[in-house]
Number of protein chains: 2
Amino acid sequence: MRPPTWTIGELASDFDTTLRTIRFYEDKGLLTPERQGTTRIFHARDRVRLQLILRGKRLGFALDEIAHVINMYDNPPGEAGQLEFLIADIQTRRDHLLEKRRDLDEALAELDELERRCRDDLAGLGL
Amino acid sequence: MRPPTWTIGELASDFDTTLRTIRFYEDKGLLTPERQGTTRIFHARDRVRLQLILRGKRLGFALDEIAHVINMYDNPPGEAGQLEFLIADIQTRRDHLLEKRRDLDEALAELDELERRCRDDLAGLGL
DNA sequence: TCTTACCTTTACGTCAACGTAAGGTACGGT
DNA sequence: ACCGTACCTTACGTTGACGTAAAGGTAAGA
């Protein structure tokens with residue numbers, strides 16, 4: 001029972017993306033798969049990172065920013081100053097996400113309102 | 001007291017964007033300002049639309065999709081079939097937004113968890 | 001009258017995030 | 001011996017969303 005690994009093709013189909021995209025992310029330093037000869041072998045760590053990347057993309061973040069964030073998860077630094085810096089960084093990231101959630105909730109509310117109006121119109125047609 | 005209007009420069013500074021961006025959106029048919037000679041005059045409608053566009057962008061949507069959505073707000077169709085079609089469309093849009101919110105909440109939870117760990121590490125350094 | 005501050009159009013440039021083709025390697029099956 | 005499949009690299013192409021210069025019009029104020 002040794003730890004599971006994945007090929008690039010498996011990851012691509014698992015997360016519904018493309019080989020090209022995964023290779024591109026490696027090129028950008030976001031993924032660092034092991035190699036057997038030339039073939040990539042992905043371990044759990046890179047699988048998780050890929051998941052984080054794709055989620056970040058769905059949320060509309062650029063790869064640079066995503067890279068910054070997922071690297072925060074890597075190395076909790078050992079030095080106090082660095083730790084405080086990291087914590088401050090986390091704060092601003094969270095603020096960004098909270099702003100985004102406000103946007104999202106507003107958009108949802110407006111959609112609901114629109115649907116209500118549509119249903120009213122639809123009901124009005126029956127009279 | 002006639003209804004308020006805005007110049008392109010006012011809108012740009014109000015929403016912290018650029019003239020170029022606003023003109024680009026007009027080019028794409030997302031905005032349709034009135035003209036006085038060659039100069040654009042924006043009314044409340046386009047101001048709202050610009051707000052919606054920029055919010056959509058912050059949420060990571062492409063302009064095509066944004067165009068589709070804000071046009072839904074325009075013309076509640078008068079025909080029953082069309083109305084039902086629109087309602088169905090609203091459903092799928094909402095589903096997308098809800099997925100996005102799940103992503104967002106997960107990301108927030110992980111950030112919180114990371115911060116907790118950092119604070120623990122920081123406290124551990126004091127011993 | 002001249003400057004400043006707006007606005008305009010046209011058009012080429014740019015950057016991120018891949019897509020896509022060309023050509024090669026390696027392995028399992030028939 | 002050959003085929004199909006999955007992997008690889010290199011490198012040019014594409015698309016969306018603007019940026020940025022060039023060249024100019026208009027109206028208010030010194």
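Naming: A, B, ... by sequence-line order, numbering from 1 per chain. Model, not experiment: these values are computed from the prediction.
Heavy-atom minimum distance, Pro33(B) versus Phe42(B): CB-CE2, 3.6 Å. For the residue pair Arg35(A) and Glu26(A), the shortest heavy atom distance occurs at NH2-OE2, 3.0 Å. Closest heavy-atom contact between Leu19(B) and Gly9(B): CD2-CA, 3.7 Å. Shown here for Gly56(B) and Ile66(B), the closest heavy-atom pair between the two residues is C-CD1, 3.6 Å. Closest approach of Leu31(B) and Leu50(B) over heavy atoms only: CD2-N, 3.9 Å. Summarising the geometry of Leu86(A) relative to Pro77(A), their closest heavy-atom pair is CD2-CD, 3.7 Å, with the distance given to 0.1 Å.
Considering only heavy atoms from C-beta on, Arg101(A) comes within 4.5 Å of Leu108(B) through its side chain. Taking the side chain as every heavy atom from C-beta outward, Thr17(B) and Ile22(B) approach each other to under 4.5 Å.
For residues 23-59 of chain A, proximity to DNA chain C is found at Phe24(A), Tyr25(A), Lys57(A), defined as any non-hydrogen atom under 4.0 angstrom from a strand atom.
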Check: protein-nucleotides 25-27 of chain D nitrogen or oxygen pairs below 3.5 Å:
none

Restricting to nitrogen or oxygen on both sides, can you table the protein-nucleotides 11-13 of chain D pairs closer than 3.5 Å?
none

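Using a cutoff of 4.0 Å between basic side-chain nitrogens and carboxylate oxygens, Arg102(A) and Glu106(A) are not scored as salt-bridged.
Side-chain atoms of Lys28(B) never come within 3.5 Å of backbone atoms of Leu63(B) as a donor-acceptor pair (strictly under, hydrogens ignored).
Within the structure, the salt bridge (charged side-chain N to carboxylate O under 4.0 Å, His left out) test picks out the following pairs touching residues 6-25 of chain A (sequence neighbours left out): Asp14(A)-Arg47(A). Among residues at least two apart or in separate chains, side chain to side chain donor-acceptor pair (under 3.5 Å) pairs with a member in residues 72-86 of chain B are Arg45(B)-Asp74(B), Arg49(B)-Asp74(B).
Between Thr18(B) and dC18(D) there is no side-chain polar atom (N or O) within less than 4.0 angstrom of OP1 or OP2.
A distance of 11.0 Å separates CZ of Arg40(A) from CG of Asp46(A), quoted to the nearest 0.5 Å.
The CG atom of Leu19(A) sits 16 Å away from the C1' atom of dT10(D) (whole-angstrom rounding).
Nucleotides of DNA chain C that come within less than 4.0 Å of any heavy atom of chain B span, from the 5' end to the 3' end, dC7(C) to dA11(C).
Both Asp64(A) and Thr7(B) lie near DNA chain C, and the one whose nearest nucleotide falls closer to the 5' end is Thr7(B).
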